[in-house]
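All values reported here derive from a predicted model rather than from experimental measurement. Both counts, for ligands and for their atoms, begin at 1 and track the order of listing.
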Amino acid sequence: MKLRSRGNMRLNHWLLGVGFLLWMFSSAAHTSVLPENAKVTILYDNYVHTQGTKADWGFSCLIEGTEKTILFDAGTRPEIFWHNIQTLGVDVTKADVVVISHEHGDHTGGLWTFLEKKKNVSVYVPVSFSKEFEQKVKAAGSQIIRITAPQEICSGIYLTGELKGRANEQALIFATSRGTAVLTGCAHPGIVKIVERSKAILNQDVYFVFGGFHLMEHSQAQVNQIIEAFQESGVVKCGATHCTGEQQIEWFKQAYGENYVPMGVGSVIEITK
Ligand SMILES: [Fe+2]
Ligand SMILES: [Fe+2]
């Protein structure tokens, strides 16, 4: 039994590798660029940006001005998710698709009430999501799309494919005229690994990284190493939030100065600016 599951794991890794290589060979065809008015509004976060919204451990944001409107992650507690949405005056039900970064409750909690309000939605998840999650999505009248290799989901927006980590996770990447922008949920596979993979997928420098980086246990020296690795990938703008760690967020703020992008609930990030 053990041998069999190890064999399955090896097969999964092999398929991931082959998928990524196939993507790389075909990447010359992937030249679509994000619309200029693309913006991301933070709906759920450990920090408040706009007065009247509530902070709570979790993450969610809405991507608009793009070919498809995308709900990325869905926070933890439905009542806080909807409180923030109403306070910000955002119409989240106009989301055409949902992307869930990884199967942790602080990224999926608000999904079920969203799927009650909006039927027949495609929910993009990393390939190893549980059968239970799939059944819940189907029971709510929507479809699940399991992602293995990098995939374009609409003009200028791509998913990295599943990356292995403490939790398997996918990130969302934007192809802009300034380079690639990377949005992460928790970055459990490692924020540097995600940035490097994103750089390879679109074959261009990453100019902007934002989201949860999951670095609570990291020392200043370790965070500095990450900042150096970011520089090597071309990163000039950064916005760290959610599970990054309070002290660690301060170190990113100090390092990026005016190029640090404020996060927190209500923050609106113009991706191409
Ligand atoms: Fe998280
Ligand atoms: Fe997580």
| query | Looking at H107 versus H242, is the centre-to-centre ring distance below 6.0 Å? | reply | yes
| task | Output the atom name for the N/O/S atom of H242 with the smallest distance to the Fe ion (ligand 1). | result | NE2
| query | Would Q143 and S122 count as having a side-chain donor-acceptor pair, cut-off 3.5 Å? | reply | yes
| query | Listed by chain and number, what are the side-chain contact (heavy atoms from CB on, under 4.5 Å) partners of V48, not counting sequence neighbours? | reply | T53, A55
| field | Near the Fe ion (ligand 2) (cut-off under 2.8 Å), count of protein N, O or S atoms | value | 4
| said: Which residues pass the side-chain contact (heavy atoms from CB on, under 4.5 Å) test with H218, not counting sequence neighbours? | reply: L215, Q222, V223, I226
| said: Closer than 4.0 angstrom, basic N to acidic O: yes or no for K193 and E196? | reply: no
| Can you name the side-chain hydrogen bond (donor to acceptor under 3.5 Å, both in side chains) partners of W112, sequence neighbours left out? | none
